[in-house]
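I have placed the structure first, in the form of structure tokens, so that the comments after it can refer back to it.
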There are 2 protein chains.
Amino acid sequence: MDIELQIKMNEKLFLRNPEQSELGKRIIMHSIRLIYKNGFEAFTFKKLAENMGTTEAGVYRYFENKHRLLVYIVAWYWTWLHYQVMYQTNNINDPVVKLKMIVKLLATTVEDDLSTSYVDESLLHQIIITEGSKTYLTKRVSEDNKYKLFKPYKDLCAHIASIILECNPHYRYPKSLASTIIEMAHFQNFFKDHLPSLTDFSENKDESSTVVFLEDMLFRVLSKDDLK
Amino acid sequence: MDIELQIKMNEKLFLRNPEQSELGKRIIMHSIRLIYKNGFEAFTFKKLAENMGTTEAGVYRYFENKHRLLVYIVAWYWTWLHYQVMYQTNNINDPVVKLKMIVKLLATTVEDDLSTSYVDESLLHQIIITEGSKTYLTKRVSEDNKYKLFKPYKDLCAHIASIILECNPHYRYPKSLASTIIEMAHFQNFFKDHLPSLTDFSENKDESSTVVFLEDMLFRVLSKDDLK
DNA sequence: CGTGAATGATAGTAATACTATCTTTTTAGA
DNA sequence: TCTAAAAAGATAGTATTACTATCATTCACG
């Protein structure tokens, strides 16, 4: 099969759709590489333009500013991950098994998905860990939220919450638990690599310890054999 | 009693100790107000200087750059909160009661502590929610960590982890659970206010719903009457 | 009373975050 | 195939940011 996965993005995220031109796709590709390499703070449109052999003005024709570009690639990631979740849990009936698969997808290094030619998902995953929460931890949250820029994240959260409810229909905080699992899949991995004393996993281990921690937490919380 | 609480800060956090001069204290006070008001991204030393009637160069004599200043006030907060935790849980023996107090201190709006004249803890608490994780979500984490700039956060996390172990000595992820509780005390409140569909609390409610969610999660996870 | 530290005042620089304009190339449709 | 509009390239310019440097003034102390 030779299928190119196309993700339709919210039009408010860009000035000109980067998926519809070669230059646009190269902007996304090089942005991901540069942000991965130097971090979002050090990332500028000037550096990006030099790096990819175009001009600053060229980049500004696609994105209003670097924050919007970050929101774009983060939203892209959540849409892509949501698709992965749907694909990988399809035909699974047991919600427990579904949740385990989701935790694995959230917390484990992804391999580059070859059906999206200009996006390197493994770099993108690392970017989400370090820069993802910066998309909404700003004074503009509510405005950005009004434009539905965070919809992919919220949709995934809602989907996970619904499976949580399948596991235990009496649990009262499915959405908060879902957002906790999503955020911690990233934070615990970040802590493991950079501030290991905030976790119980030693630095050399891979993400499997994070997966085990999250699964343990999730299923203890959802366990029906408890007091209440 | 007329006691002024003095917090001894890591010397790497500043160029000149802001606690030891009027100007220094005013820098802290006005920084907190400005960051609270406009967010960290829009905060500059120039604006701060104009705001408080000094010059940019004056601020640069105290702090290398605005990131260090943020790390300073965040570290100050964690030191102060750790003290609050010790104070409020002193003479309590039951670790469950202790943990409940800690969750309340973490997730509830603090009132301004009058024994720290130049710091408004209630504003600071809001800053920690929105800007706190930006202190470590950078390319400099490891370097900053080497200088022990995150020690107050890590100390508090370790302290909470030890009480978690008191609750259930067999629980295997006390530190990860502690950092989860700390982070979620902030994120769930942020979500509640700005991205409410990521939580199960409606926007008008106060932080009590966050407290209930965190306590519920914590004690379900630490419950001994489970399968394993 | 003198001196050294802190502060104030001012200036300057390189980089950042844009906007504008004009030319050239591409490409989509008549 | 021609043509016109859209996209991209090239260049310039501005306000703000993130600093560094210098020199004069104040102020606390021994």
Side-chain angles (χ1 to χ4, degrees), chain A residues 9 11-31 34-35 37-73 118 131 134-135 138-140 143-144, chain B residues 9 11-31 34-35 37-73 118 131 134-135 138-140 143-144:
Chain A
M9 302 293 292
E11 304 234 325
K12 291 273 188 246
L13 284 165
F14 49 76
L15 297 172
R16 183 173 299 170
N17 193 338
E19 292 197 331
Q20 279 167 12
S21 74
E22 272 315 303
L23 183 64
K25 288 177 186 172
R26 296 206 311 120
I27 287 174
I28 301 303
M29 186 172 69
H30 286 88
S31 293
L34 262 187
I35 295 174
K37 194 174 162 219
N38 304 320
F40 184 64
E41 274 70 39
F43 173 78
T44 71
F45 279 3
K46 182 111 183 271
K47 287 178 194 165
L48 171 64
E50 278 163 14
N51 198 268
M52 58 182 279
T54 185
T55 59
E56 222 184 333
V59 181
Y60 274 104
R61 287 193 184 107
Y62 282 83
F63 292 98
E64 220 175 305
N65 53 53
K66 70 172 187 166
H67 183 257
R68 275 291 160 92
L69 193 155
L70 180 67
V71 177
Y72 177 93
I73 63 172
Y118 61 98
E131 324 289 356
K134 293 174 191 170
T135 54
T138 72
K139 281 282 158 187
R140 299 183 255 185
E143 201 193 336
D144 285 357
Chain B
M9 302 292 292
E11 304 233 325
K12 292 274 189 246
L13 284 166
F14 48 76
L15 298 171
R16 183 174 299 169
N17 193 338
E19 292 198 331
Q20 278 166 12
S21 74
E22 273 314 304
L23 182 65
K25 288 176 188 172
R26 296 205 312 121
I27 288 173
I28 301 303
M29 185 173 69
H30 285 88
S31 293
L34 262 188
I35 295 174
K37 194 174 160 219
N38 305 319
F40 184 65
E41 275 70 39
F43 172 79
T44 71
F45 279 3
K46 182 112 184 272
K47 288 178 194 164
L48 170 64
E50 277 162 15
N51 198 266
M52 59 183 279
T54 184
T55 59
E56 221 183 335
V59 182
Y60 274 106
R61 288 194 183 107
Y62 281 83
F63 292 98
E64 222 174 303
N65 52 54
K66 70 172 188 166
H67 184 256
R68 275 291 159 90
L69 193 156
L70 180 67
V71 177
Y72 178 92
I73 63 171
Y118 61 98
E131 323 290 356
K134 294 174 191 169
T135 55
T138 72
K139 281 283 158 188
R140 301 182 253 184
E143 201 193 336
D144 285 357

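Below, all heavy atoms of this structure are taken into account, side chains as well, without hydrogens, waters or symmetry copies. Note that the coordinates shown come from a computational prediction; the quantities given were computed from them, not determined experimentally. Just so it is clear: chains get the letters A, B, ... in the order the sequence lines come, proteins before strands, and each one is counted from 1.
B:L69 places its CG atom 15 Å from the C1' atom of D:dC19, with the value rounded to the nearest Å. Atom CZ of B:R61 is separated from atom P of D:dT26 by 15 Å (rounded to the nearest Å). B:R68 places its CZ atom 11 Å from the P atom of D:dC19, with the value rounded to the nearest Å. Look at CE on B:M52: it is 11 Å from C1' on C:dT7, rounded to the nearest Å. In this entry the distance linking CZ of B:F63 with P of D:dA18 reads 16 Å, nearest Å. Rounded to whole angstrom, the span from the CD1 atom of B:I27 across to the C1' atom of C:dG8 amounts to 13 Å.
Sorted by first then second residue, the ring-ring contact (aromatic ring centres under 6.0 Å, His included) pairs that include residues 39-58 of chain B, not counting sequence neighbours, are B:F45-B:Y60.
Of the residues B:F14, B:Y62, B:Y72, the one that meets the side-chain contact (heavy atoms from CB on, under 4.5 Å) test with B:I27 is B:Y62. The only member of A:I28, A:L70, A:L48 that meets side-chain contact (heavy atoms from CB on, under 4.5 Å) when paired with A:F63 is A:I28.
Contact of the A:D144 side chain with the A:R68 side chain is registered, since non-hydrogen atoms from C-beta on lie closer than 4.5 Å.
Enclosure of atom NZ in B:K46 is not indicated, since only 12 or fewer non-hydrogen atoms of other residues, nucleotides or ligands lie within 6.0 angstrom. Counting non-hydrogen atoms of other residues, nucleotides and ligands closer than 6.0 Å to NZ of B:K37 gives a total of 12 or fewer. For A:K12, the NZ atom is loosely surrounded, since the number of other residues' heavy atoms within 6.0 Å does not exceed 12.
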Distances under 3.5 Å between protein N/O atoms and the N/O atoms of nucleotides 13-19 of chain C, please, pair by pair.
{"from": "C:dC18", "atom 1": "O5'", "to": "A:Y60", "atom 2": "OH", "distance (Å)": "3.1"}
{"from": "C:dC18", "atom 1": "N4", "to": "A:E56", "atom 2": "OE1", "distance (Å)": "3.1"}

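Under a 4.0 Å N-O distance rule, the pair B:K134/B:E41 qualifies as a salt bridge.
Summarising the geometry of A:M52 relative to A:L23, their closest heavy-atom pair is CE-CD1, 3.8 Å, with the distance given to 0.1 Å.
Residue B:Y62 is classed as a sugar-phosphate contact, given heavy-atom separations below 4.0 Å to backbone atoms only.
Checking the phosphate oxygens (OP1, OP2) of D:dG9, a side-chain nitrogen or oxygen of A:T54 falls inside 4.0 Å.
Within residues 16-25 of chain A, the residues approached by DNA chain D to less than 4.0 Å at the level of any non-hydrogen atom are A:R16, A:S21, A:L23, in residue-number order.
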